[in-house]
Amino acid sequence: MQTANKTQILHIFRCLLCGLALACTSFSSVASPLLRCHVTYAGSTQIIDTYVTQDPYSIVAVNIGERFRFKAVMTGTAQAIETIKLYTYFQTRRSDIPIHQATYLPPFRLSETESLLTPKNSLYAGDVERELQYYCSLQEVSP
């Protein structure tokens, strides 16, 4: 009888440990940084969401109204952002011409609510000085 009780107690103890380990795993998930840029050209605004990457060359510039391209790159890990770089290109028939590049370095303010990273920027390019405006914010989002 005592052996059966010990076996049952050992089984219950193992189940409790497994449940505790599972609960700790689910609570230890880390929020990820989200870089959100609002890019406006010709009265139309596009929202470009960027997550942290360790391969900045894999990020593709987004077409903005067939006139500009915008690229936001956030390098590092979910626990520590190393750099944020923003690129803007003016599109011509021959190639894309870089017209703006901004680099932001730590420390970064992260919270569950959106906080501004950049001011509202206005960029002008081309023969008729076409205008592109953008601003970006940072926030933590749960996985």
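Predicted model, so just to flag it, every value in this text is computed and none were measured.
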Inset, instruction - Run through the side-chain heavy atoms of Ile, Leu, Val, Met, Phe, Trp and Tyr, join any pair under 4.5 Å, and report what else lands in Val60's cluster. - result: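 Taking Ile, Leu, Val, Met, Phe, Trp and Tyr as members, Val60 stands alone, with no cluster partners.
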Can you see which heavy atom on [X] is nearest to which on [Y], and at what distance?
X	Y	result
Pro119	Tyr104	CD-OH, 4.4 Å
Ser58	Thr53	OG-OG1, 4.2 Å
Thr50	Ala72	CG2-O, 3.3 Å
Val52	Ala78	CG1-N, 3.9 Å

Find out if a path of hydrophobic residues (ILVMFWY) with successive side-chain heavy-atom gaps under 4.5 Å connects [X] to [Y].
X	Y	result
Phe70	Leu123	yes
Tyr135	Met74	no
Ile99	Ile64	yes
Val62	Ile84	yes
Phe90	Leu86	yes

Does any non-hydrogen side-chain atom of [Y] lie less than 4.5 Å from one of [X]?
X	Y	result
Thr75	Lys85	no
Gln133	Glu131	yes
Leu34	Tyr51	yes

Inset, instruction - Quick one: which residue pairs count as a salt bridge (charged side-chain N to carboxylate O under 4.0 Å, His left out) with a foot in residues 109-128, not counting sequence neighbours? - result: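 Residue pairs passing salt bridge (charged side-chain N to carboxylate O under 4.0 Å, His left out), neighbours aside: none found.
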Rounded distance [0.5 Å steps], [atom1] in [X] versus [atom2] in [Y]:
X	Y	atom1	atom2	value
Leu117	Gln139	CG	CD	12.5 Å
His38	Ile48	NE2	CD1	10.0 Å
Ser137	Leu35	OG	CG	7.0 Å
Glu82	Phe108	CD	CZ	10.0 Å
Ser111	Glu140	OG	CD	7.0 Å

Legend entry - Polar contact flag, side-chain donor to acceptor under 3.5 angstrom, Ser44-Gln46: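 Checked: Ser44/Gln46 side chains show no N/O donor-acceptor pair below 3.5 Å.
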Inset, instruction - For the residue pair Gln101 and Tyr87, confirm or rule out a side-chain donor-acceptor distance under 3.5 Å. - result: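 Not at all, the side chains of Gln101 and Tyr87 share no donor-acceptor pair under 3.5 Å.
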Inset, instruction - Look at the side chain of Asp49 and the backbone N and O of Ile47, then say whether any donor-acceptor pair between them is shorter than 3.5 Å. - result: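 No; zero donor-acceptor contacts below 3.5 Å.
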Inset, instruction - Kindly say whether Ala80 contributes a backbone atom to a donor-acceptor pair with the side chain of Thr77 at under 3.5 angstrom? - result: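 Between the backbone of Ala80 and the side chain of Thr77 there is a qualifying donor-acceptor contact (under 3.5 Å).
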Inset, instruction - Look at the rings of Tyr41 and Phe68 and say which category their plane angle falls in: under 30° parallel, 30 to 60° tilted, over 60° perpendicular. - result: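 Ring orientation, 0 to 90° scale: perpendicular.
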Inset, instruction - Step by step, work out the side-chain contact (heavy atoms from CB on, under 4.5 Å) result for Asn121 and Thr88. - result: CA-CA 11 Å; Asn121 292 282; Thr88 308; over 6 Å; no
